[in-house]
Amino acid sequence: MADTTKTATLTIDGESYELPMHSPTAGPDVVDIRKLYGQAGVFTYDPGFTSTASCDSTITYIDGDAGILTHRGYPIDQLAGKSHYLEVCFLLLYGYLPKAEELEAFETTVTRHTMIHEQMHNFFRGFRRDAHPMATMVGVVGAMSAFYHDSTDISDERQREIASFRLIAKMPTIAAMAYKYSIGQPFVYPRNDLDYAANFLHMCFSVPAEEYHVDPILARAMDRIFTLHADHEQNASTSTVRLASSSGANPFACVAAGIACLWGPAHGGANQACLEMLKEIGTPDQIPEYIARAKDKNDPFRLMGFGHRVYKNFDPRAKVMKQSADEVLDLLGVDDNPTLQVAKELEKAALDDPYFTEKKLFPNVDFYSGIILEAMGFPTSMFTPIFALSRTVGWVSQWKEQLSDPQMKIGRPRQLYQGADLRDYVDIENR
Ligand code: ACO
């Protein structure tokens, strides 16, 4: 953490307090309030942590106003265009682009960890068939703690690394099994001769009864979706993973907590909600009605796939995703997809409307991803599990970084108490 010569002065009831400031390599300076309570006896108030830096990090940087996202300094559009998911995983985990032999070794390690303990199959079978695959994933990933004891000692750096490999490698298998179970088909084992994305498509769409050929262009599009979701600095699910980990919880339990958080429609569940909304809108002539509803303060409806806590400009991932949607639909020979048509018209209508531009509400990564995933054959219920498997490397990288951070403390926010004053207990007969 680089100190600046700048300080901030806070004056409370005529008393002034000097607060140190720190400079990041990019982004706004931060005011260090760690000693504020001890010195001034006050807390800060920041619901949703909109102005609070919860940690030091060197992994991902976002400039929300400029619409910039970088991993270890590399812009996301370059990574999505020139790199591939497992290389980005290496970059996120280790901080640099691997040499060819390092990448090959990493890919081999991940590939060799893709199978899950055979007994874990019983876990899947305990769920109802109609369970949401995210419900299954939260349970099964949490249950990994019970199967992989030899990588739960967080004080052992080698065990931390093995847990990271296991999570990155097994998550596609778990997501695919959750899907297969929900449609009543047999589980498909991973294939080590396929790359990460092709293997996931194989585990989702092949059946023992016939040959399945993974289309390399679809595998590339899948890989790009994984890459675009790989990490996003201190978002809600990542902060959940860090908070869970701050108590010393094991990595599988922490990632299960991240999956649970990601499930919500304001976060990872938005891609499912967005596609459902686009289908509900149905035809471009319905768009004005939905725009009016999104603007109506008395209507809880929000334009899903629009707006972001950090991006107050175009989400850079949405640009790549939009291009990918065109490519995938073109490949599949779908040139008149009504949902894509509604999406494009809706985007145009919203960007022409001062309500959205004044509030800086732009399409986010989820706006187009659902269209691609649906065209590939995934049901909407699989959209968030695919997000979870893509984000696993981000959670794991942030978790590893936190554990080697000497500043790490158990997360324990304070509160602005608004409840009753001290009062005496009243016996039941006197209430
Ligand atoms: N449609 C209509 N109005 C919106 C939308 C939207 N999608 N998003 C924000 N607004 C309005 C709010 O009503 C609010 O208006 P007000 O100032 O008049 O009260 C203003 O814009 C600011 O909204 P907040 O909710 O305060 O912004 P916040 O940063 O907390 O929310 C969020 C960000 C949760 C993503 C929000 O924009 C949203 O709900 N979007 C739809 C869900 C979505 O697409 N989520 C995916 C996020 S990306 C991801 O997780 C990968």
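- Between the Arg309 side chain and the Gly48 main chain, a donor and an acceptor come within less than 3.5 Å of each other.
- Annotation for Lys319: atom NZ does not count as buried by contact number, only 12 or fewer foreign heavy atoms lying within 6.0 Å.
- Of the possible polar contacts, one joining the Tyr196 side chain to the Ile168 backbone as a donor-acceptor pair under 3.5 Å is found.
- Heavy atoms only, all atoms of each residue included: Asp56 and Glu401 are closest at O-OE1, 3.6 Å.
- Tyr290 places no side-chain N or O within donor-acceptor distance of the main-chain N or O of Leu303, the cut-off being under 3.5 Å.
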Open item on the list: Does Arg72 form a side chain to side chain donor-acceptor pair (under 3.5 Å) with Thr58? I'd like the steps, not just the answer.
Closed with: CA-CA 7 Å; Arg72 305 287 191 182; Thr58 61; 2.8 Å; yes
All N/O donor-acceptor pairs, side-chain side in residues 253-267, below 3.5 Å, sequence neighbours left out:
residue	atom	partner	partner atom	Å
His267	NE2	Asn235	OD1	3.4
His267	NE2	Ser237	N	3.2
His267	NE2	Ser237	OG	2.9

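- Under the 4.0 Å criterion applied to side-chain N and carboxylate O atoms, Lys312 and Asp65 are not assigned as salt-bridge partners.
- Distance alone, capped at 3.5 Å, is enough to place a donor-acceptor pair between the His149 side chain and the Ala146 backbone.
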As a quick check of understanding, evaluate salt bridge (Lys or Arg N to Asp or Glu O under 4.0 Å) for Asp223 and Arg220, giving each step before the final call.
CA-CA 5 Å; Asp223 188 90; Arg220 175 80 193 117; 3.5 Å; yes
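- Between the side chain of Tyr417 and the backbone N or O of Ala420 there is at least one donor-acceptor pair closer than 3.5 Å.
- Judged by distance alone, the side chains of Asn364 and His308 never bring a donor and an acceptor atom under 3.5 Å apart.
- Using cut-offs of 30° and 60° for the angle between ring planes, the Tyr37 and Phe43 rings count as tilted.
- Between the side chains of Tyr94 and Glu102, no donor-acceptor pair of N or O atoms lies under 3.5 Å.
- Panel note: side chain Ser151, backbone Ile162; no donor-acceptor pair is recorded below 3.5 Å.
- Note that the OG1 atom of Thr136 and the CE atom of Met177 stand 10.5 Å from one another [nearest 0.5 Å].
- With respect to Lys82 and Glu87, no salt bridge is recorded, no charged nitrogen being found less than 4.0 Å from a carboxylate O.
- Annotation for Arg293: atom CZ counts as buried by contact number, over 12 foreign heavy atoms lying within 6.0 Å.
- Between Phe306 and Phe362, the distance from one ring center to the other does not fall under 6.0 angstrom.
- Of the N and O atoms on the side chains of Tyr148 and Gln159, not one donor lies less than 3.5 Å from an acceptor on the other residue.
- For the pair Ser164 (side chain) and Arg160 (backbone), a donor-acceptor distance under 3.5 Å is present.
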Between Asp405 and Lys400, is the salt bridge (Lys or Arg N to Asp or Glu O under 4.0 Å) condition met? List the steps.
CA-CA 9 Å; Asp405 181 352; Lys400 279 183 80 205; over 6 Å; no
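- The neighbour count for Glu104 CD, taken as heavy atoms of other residues, nucleotides or ligands under 6.0 Å away, does not exceed 12.
- Looking only at distances, no side-chain donor or acceptor of Asn199 sits under 3.5 Å from a matching main-chain atom of Leu194.
- For the pair Arg414 and Asp46, the salt-bridge criterion is not met [side-chain N within less than 4.0 Å of a carboxylate O].
- Using modelled atom types and a 3.5 Å distance limit, the side chains of Gln78 and His71 yield no donor-acceptor pair.
- No side-chain donor-acceptor contact under 3.5 Å links Lys295 to the backbone of Tyr355.
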Stepwise salt bridge (Lys or Arg N to Asp or Glu O under 4.0 Å) test for Arg112 and Glu107: CA-CA 9 Å; Arg112 296 241 168 95; Glu107 288 180 340; over 6 Å; no
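- No close placement of the Tyr85 and His229 rings is indicated, their centers lying 6.0 Å or farther apart.
- Ile76 places a side-chain heavy atom less than 4.5 Å from the side chain of Leu228.
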Identify every side-chain donor-acceptor pair in residues 369-381 under 3.5 Å, counting partners at least two apart or on other chains, and give the distances.
residue	atom	partner	partner atom	Å
Glu374	OE1	Lys279	NZ	3.2
Glu374	OE2	Lys279	NZ	2.6

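- Checking side-chain atoms of Tyr61 against main-chain N and O of Gly27 turns up a donor-acceptor pair under 3.5 Å.
- A cation-pi arrangement is found for Arg129 relative to Tyr181, the charged atom lying closer than 6.0 Å to the ring centre and inside a 45° cone about the ring normal.
- The residues Glu161 and Arg158 are annotated as salt-bridged, a charged nitrogen and a carboxylate oxygen being separated by less than 4.0 angstrom.
- Between Phe252 and Phe147, a ring centre-to-centre spacing not shorter than 6.0 Å is recorded.
- Distance CG/Asp215 to OH/Tyr212: 8.0 Å, rounded to 0.5 Å.
- Evaluation of the ring-ring contact (aromatic ring centres under 6.0 Å, His included) rule for Tyr179 yields no partner, not counting sequence neighbours.
- Taking the six-membered ring for Trp and the full ring otherwise, Phe187 and Phe124 have centroids separated by under 6.0 Å.
- Side chains of Ser246 and Gln402: no donor on one and acceptor on the other come within 3.5 Å.
- For Gln286, the CD atom sits in a packed shell: over 12 heavy atoms of surrounding residues, nucleotides or ligands are nearer than 6.0 Å.
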